[in-house]
**Student:** 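The following block contains the structure, expressed as structure tokens.
Below, chains carry the letters A, B, ... as their sequence lines are ordered, and counting in each starts from 1.
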Amino acid sequence: MPESVHSLLHSESVRDAVTVAGWVRTRRDSKEFSFIEVNDGSCLANLQILVEAACQDYGIVGTVHTGAAIRVEGELVASPGKGQRWEVRARRLQLVGPAPEDFPLQKKRHTDEFLRTIAHLRPRTNKYGAMFRIRARLAHAVHEFFHQRGFYWIHTPIITGADCEGAGEMFRVTTLDLDNIPKVNGAVDFSQDFFGKEANLTVSGQLSVETCCLALGKVYTFGPTFRSENSNTSRHMAEFWMIEPEIAFADLRDDMALGEELVRHLVRFVQQECAEDLDLFARFVDKDLPARLENIASHEFIRLSYTETVELLQKSGRKFEFPPAWGHDLQSEHERFLTEDHFKQPVIVYDYPREMKAFYMRQNDDGRTVAAMDILVPAIGELIGGSQREERYDHLERRIAELGFDLADYWWYLDTRKYGTVPHAGFGLGFERLLMLVTGVGNIRDVIPFPRTPKHLEF
RNA sequence: UCCCCGGUAGCUCAGUCGGUAGAGCGGGUGGCUGUUAACCACUAGGUCGGCGGUUCGAGCCCGUCCCGGGGAGCCA
């Protein structure tokens with residue numbers, strides 16, 4: 001196996017015999033020798049290869065174009081040139097996989113729009129390589145965060161038979177022959193489908209993970225989530241990854257504290273552990289990124305009740321397209337005003353009107369609000385949505401009935417309140433939105449290798 | 001789904017008043033230098049998103065469709 005570029009660049013000394021393999025980023029020819037910069041994805045930096053005329057494979061240098069895969073054997077030596085400490089003087093150069101002249105990635109800046117059309121090649125760019133390294137390390141840090149605090153990772157189902165998750169449009173899962181759908185009295189006969197009933201992709205693991213919360217105490221899910229909303233924005237996808245912790249014997253205050261601790265911990269993690277890749281985003285994507293991350297990591301989030309928020313917006317003197325009013329959703333322009341203009345940092349809004357929120361959220365004593373909370377962040381808006389859950393059987397049952405849902409569909413969920421119910425709370429954090437926050441990337445389609453959005457399933 | 005903007009070489013873009021296609025990068029050839037998005041010269045490369053219309057003449061004006069982007073709603 002070849003040694004990684006990362007490892008070679010961090011070598012303590014010269015090395016007599018090393019092997020490195022990767023993809024060519026650029027080549028510079030002189031009359032008697034060539035420089036090849038190779039990147040193997042192990043880090044942002046390239047390794048410079050010197051191929052001299054004396055090298056027995058010098059003859060193939062001309063076939064080594066940008067994008068080609070090569071394997072090099074040689075010695076690691078101190079580089080006399082500027083810009084790098086080490087370089088490899090090649091003894092052998094092998095063209096593992098050539099890249100013809102129509103290789104789409106040039107040694108110049110490409111637009112994100114173009115790179116989206118070649119999602120199979122964009123990981124080979126500096127920016128997307130950095131993004132996917134950060135993504136992987138951040139995902140690991142999420143698990144680490146929870147593990148250190150005694151949480152258990154629960155694998156909630158991807159396929160759900162419950163239409164009671166209540167968080168948006170769902171993708172149907174079926175093995176029925178769509179050209180010949182079995183029907184009874186004009187309606188689809190799902191008894192003949194694979195599961196014998198309607199099945200969908202999950203829109204949230206929350207209801208499932210609550211059952212484990214009320215057994216293991218502190219739990220979370222972290223996995224793919226699906227929404228078939230026809231959303232065409234820079235911060236929505238049909239398939240995304242969501243982190244959903246759920247804590248027992250806890251209220252909304254505990255929930256907000258956990259959300260804030262998680263976000264600030266992960267921001268700090270990226271600052272400290274992904275510095276080289278993060279610097280690329282600070283230089284080429286968002287100049288204000290370092291200051292914004294430091295601001296998030298080092299300051300407590302603002303907490304404001306929904307009622308206080310509406311009053312603040314109304315008294316702000318700001319002319320909004322949609323005037324804020326109690327009982328109406330906060331608009332994007334309202335959220336941006338709070339996080340970007342007024343407070344200039346994340347804001348937690350809590351205790352929303354019950355009509356705006358889901359059935360499972362705990363009703364407050366005022367009779368008109370529920371113990372819900374959203375964490376809003378600059379540039380992105382809602383990063384976290386959560387609540388204390390309604391743990392009182394009669395309240396929950398009444399709310400389900402009020403909304404016209406069928407109580408029978410919720411039998412197992414209600415059972416958790418019938419037997420040993422306890423106050424508990426949780427939230428959902430959009431992993432891709434977190435990546436947007438920590439990298440400054442403005443479009444959610446650029447923080448995941450293969451984005452799924454309406455009318456886009458190319459790769 | 002609604003509103004706005006855009007589609008010109010492999011990529012990034014320019015193209016004036018409607019007058020018949022340009023640059024840089026990338027590719028090829030040659031030169032030169034321990035080079036750093038190397039540099040210099042030469043060269044190849046185009047159904048101007050598709051279709052229809054107006055005009056003597058359309059990359060440019062009109063209609064329509066397709067595709068892309070931004071904003072809004074829904075939310076994570």
**Student:** Any N or O donor-acceptor pair under 3.5 Å from the base of B:G34 to the side chain of A:Glu87?
**Tutor:** yes
**Student:** Take atom C1' in B:G57 and the same atom in B:C66, then report the distance between them in whole Å.
**Tutor:** 28 Å
**Student:** Is A:Thr66 touching bases, backbone alone, or none of the nucleic acid, heavy atoms closer than 4.0 Å?
**Tutor:**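 No contact at all - A:Thr66 keeps every heavy atom at 4.0 Å or more from the nucleic acid.
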**Student:** For nucleotides B:G22 and B:U54, find the distance between their P atoms and express it as a whole number of Å.
**Tutor:** 29 Å
**Student:** Kindly assign one of parallel, tilted or perpendicular to the pair A:Phe146 and A:Phe151, based on the angle between their ring planes and the thresholds 30° and 60°.
**Tutor:** tilted
**Student:** Do any side-chain nitrogens or oxygens of A:Arg445 fall under 4.0 Å of OP1 or OP2 in B:G70?
**Tutor:** yes
**Student:** Are A:Phe145 and A:Phe269 near enough that their ring centres are under 6.0 Å apart?
**Tutor:**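 Distance test on ring centres: not under 6.0 Å, no.
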**Student:** Under the criterion salt bridge (charged side-chain N to carboxylate O under 4.0 Å, His left out), which of A:Arg135, A:Arg235, A:Arg445 is the partner of A:Glu432?
**Tutor:**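 The passing option is A:Arg135.
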**Student:** Looking at A:His143, I'd like to know if its NE2 atom is crowded, meaning that more than 12 non-hydrogen atoms belonging to other residues, nucleotides or ligands lie closer than 6.0 Å.
**Tutor:** yes
**Student:** For the P atoms, the ones on B:G52 and on B:C48, what distance do you get once it is rounded to whole angstrom?
**Tutor:**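 Per the computed distance, 13 Å lies between those P atoms.
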**Student:** Can you check the A:Asn39 CG to B:A37 C1' distance for me, whole Å?
**Tutor:** 15 Å
**Student:** Provide, to the nearest angstrom, the distance between the NE2 atom belonging to A:His65 and the P atom belonging to B:G10.
**Tutor:** 18 Å
**Student:** Strictly under 6.0 Å, is that where the ring centroids of A:Phe320 and A:Phe337 end up?
**Tutor:**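 Between A:Phe320 and A:Phe337, the centre distance is under 6.0 Å.
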**Student:** Return the orientation label for the A:Trp241 and A:Phe222 ring planes: parallel under 30°, perpendicular over 60°, tilted otherwise.
**Tutor:** perpendicular
**Student:** Do the side-chain N and O atoms of A:Gln206 and A:Tyr360 include a donor-acceptor pair separated by under 3.5 angstrom?
**Tutor:**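 Yes, a side-chain donor-acceptor pair sits under 3.5 Å.
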**Student:** Remember a base hit wins even if backbone is also touched, and classify A:Leu50 as base, sugar-phosphate or nothing at under 4.0 Å, heavy atoms.
**Tutor:** base
**Student:** If you check the A:His236 side chain, which of B:G28, B:A76, B:G34 turns out closest?
**Tutor:** B:A76
**Student:** To the side chain of A:Glu113, which of B:G68, B:A37, B:A72 is closest?
**Tutor:** B:G68
**Student:** Counting any heavy atom closer than 4.0 Å, what does A:Phe114 reach on the DNA or RNA strands: base, sugar-phosphate only, or nothing?
**Tutor:**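 Sugar-phosphate only.
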**Student:** Determine which nucleotide pairs with B:U1, using a 3.5 Å limit on both distances of a Watson-Crick or G-U wobble pair.
**Tutor:**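 When the pairing criteria are applied, B:A72 turns out to be the nucleotide that pairs with B:U1.
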**Student:** Name the nucleic acid region contacted by A:Gly81, choosing base, sugar-phosphate or nothing; use a 4.0 angstrom heavy-atom cut-off, strictly under.
**Tutor:** base
**Student:** Is any N or O donor-acceptor pair between the side chain of A:Arg227 and the base of B:A76 shorter than 3.5 Å?
**Tutor:** yes
**Student:** A:Phe35 side chain: which of B:A72, B:G34, B:G69 is closest?
**Tutor:**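 Nearest listed nucleotide: B:G34.
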**Student:** Roughly how many Å apart are B:G6 and B:U47, using the P atom of each and rounding to a whole number?
**Tutor:**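 These two P atoms come out 23 Å apart once rounded.
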**Student:** With the threshold set at 4.0 Å, does a side-chain nitrogen-carboxylate oxygen contact exist between A:Arg318 and A:Asp341?
**Tutor:**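 Salt bridge present between A:Arg318 and A:Asp341.
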**Student:** Counting side-chain heavy atoms from CB outward, which of B:U1, B:A76, B:C74 is closest to A:Thr233?
**Tutor:**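 The listed nucleotide nearest to A:Thr233's side chain is B:C74.
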**Student:** Can you say whether a donor on the side chain of A:Ser231 sits under 3.5 Å from an acceptor on the base of B:C75, or the other way round?
**Tutor:** no
**Student:** What distance, rounded to whole Å, do you find between the two P atoms, one in B:C4 and one in B:C65?
**Tutor:**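 Pairwise P distance, B:C4 against B:C65, rounds to 14 Å.
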**Student:** Within this structure, what is the CE-to-C1' distance between A:Met237 and B:C75, rounded to whole angstrom?
**Tutor:** 13 Å
**Student:** Answer with base, sugar-phosphate or nothing: what part of the nucleic acid does A:Asn443 contact at a heavy-atom distance below 4.0 Å?
**Tutor:**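 Sugar-phosphate only.
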**Student:** Would you measure the distance from the P atom in B:C11 across to the matching atom in B:G27 and give it in whole Å?
**Tutor:**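 Result for the P pair: 15 Å, nearest Å.
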**Student:** Hey, which sits more toward the 5' end of RNA chain B by its nearest nucleotide, A:Glu37 or A:Glu335?
**Tutor:**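 The residue whose closest nucleotide sits nearer the 5' end is A:Glu37.
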**Student:** Tell me the partner of B:G6, counting only Watson-Crick (N1-N3 plus N6-O4 or O6-N4) or G-U wobble (N1-O2 and O6-N3) with both under 3.5 Å; none if nothing fits.
**Tutor:** B:C67
**Student:** Return the OG1 to CD distance between A:Thr211 and A:Glu246, rounded to the nearest 0.5 Å.
**Tutor:** 10.0 Å
**Student:** Any strand counts, and the cut-off is 3.5 Å on both contacts for Watson-Crick or G-U wobble. Which nucleotide pairs with B:C32?
**Tutor:**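 Pairing partner: none.
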**Student:** Is there a side-chain polar atom (N or O) of A:Arg28 under 4.0 Å from OP1 or OP2 of B:A38?
**Tutor:**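 True: A:Arg28 side-chain N/O within range (under 4.0 Å) of B:A38 OP1/OP2.
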**Student:** Kindly say whether, by distance alone, the side chain of A:Gln84 makes a donor-acceptor pair under 3.5 Å with the base of B:U35?
**Tutor:** yes
**Student:** At under 4.0 Å between heavy atoms, what does A:Gln48 touch on the DNA or RNA strands: base, sugar-phosphate, or nothing?
**Tutor:**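 The answer is base, as A:Gln48 lies within the cut-off (heavy atoms under 4.0 Å) of a base atom.
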**Student:** How long is the line joining CD of A:Glu52 and P of B:U35, in whole Å?
**Tutor:** 14 Å
**Student:** Could you check whether A:Thr111 gets within reach of a base, just the sugar-phosphate, or nothing at all, counting any heavy atom under 4.0 Å?
**Tutor:**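 A:Thr111: backbone/sugar contact only, no base atoms under 4.0 Å.
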**Student:** Counting only side-chain heavy atoms from C-beta out, which of B:C75, B:U36, B:A76 sits nearest to A:Phe240?
**Tutor:** B:A76
**Student:** Which nucleotide in the list B:G68, B:C74, B:A76 gets nearest to the side chain of A:His456?
**Tutor:**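 Given the options B:G68, B:C74, B:A76, the side chain of A:His456 is closest to B:G68.
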**Student:** Go through the N and O atoms of the side chain of A:Asp29 and the base of B:U35, and report whether any donor-acceptor pair is under 3.5 Å.
**Tutor:**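 No such pair is found, so the answer is no.
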**Student:** Within the structure shown, what part of the strands sits under 4.0 Å from A:Leu434 by heavy-atom distance: base, sugar-phosphate, or nothing?
**Tutor:**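 Nothing, no heavy atom under 4.0 Å.
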**Student:** Say we look at B:A44 and B:A38: how far apart would their C1' atoms be, to the nearest angstrom?
**Tutor:**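 About 23 Å, rounded to a whole number of Å.
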**Student:** Pick base, sugar-phosphate or nothing for A:Thr117, based on heavy-atom distances below 4.0 Å to the nucleic acid.
**Tutor:**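 Result for A:Thr117 = nothing.
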**Student:** Would you tell me if any nitrogen or oxygen in the side chain of A:Arg27 comes within less than 4.0 Å of OP1 or OP2 on B:U35?
**Tutor:**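 Negative; the distance criterion is not met.
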**Student:** Measure from the side chain of A:Ile444, starting at C-beta and using heavy atoms only, and say which of B:G71, B:A76, B:G34 lies closest.
**Tutor:**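 So the nucleotide nearest the side chain must be B:A76.
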**Student:** Can you tell me how far C1' of B:C25 sits from CZ of A:Phe103, to the nearest Å?
**Tutor:**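 Roughly 15 Å, once rounded to whole Å.
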**Student:** Does A:Lys31 make a side-chain N or O approach to OP1 or OP2 of B:C32 shorter than 4.0 Å?
**Tutor:**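 Result: yes.
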**Student:** Write down the distance separating the C1' atoms in B:G59 and B:A14, rounded off to the nearest Å.
**Tutor:** 12 Å
**Student:** Closest to the A:Asp329 side chain: B:U1, B:A38, B:C74?
**Tutor:** B:C74
**Student:** Please determine whether the number of non-hydrogen atoms from other residues, nucleotides or ligands lying under 6.0 Å from atom CZ of A:Phe132 exceeds 12.
**Tutor:**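 It does: A:Phe132 CZ has more than 12 such atoms within range.
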**Student:** Who does B:C56 pair with, Watson-Crick or G-U, both distances under 3.5 Å?
**Tutor:** B:G19
**Student:** Let me know the distance between CG of A:Leu105 and P of B:C25, rounded to the nearest Å.
**Tutor:** 18 Å
**Student:** What is the separation between atom CG on A:Leu330 and atom C1' on B:C74, rounded to the nearest whole Å?
**Tutor:**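 So the two atoms are 14 Å apart, to the nearest Å.
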**Student:** Starting at CZ of A:Arg25 and ending at C1' of B:C25, how long is that distance when rounded to a whole Å?
**Tutor:** 17 Å
**Student:** So, does A:Arg433 get its side chain near the phosphate of B:C75, meaning an N or O under 4.0 Å from OP1 or OP2?
**Tutor:** no
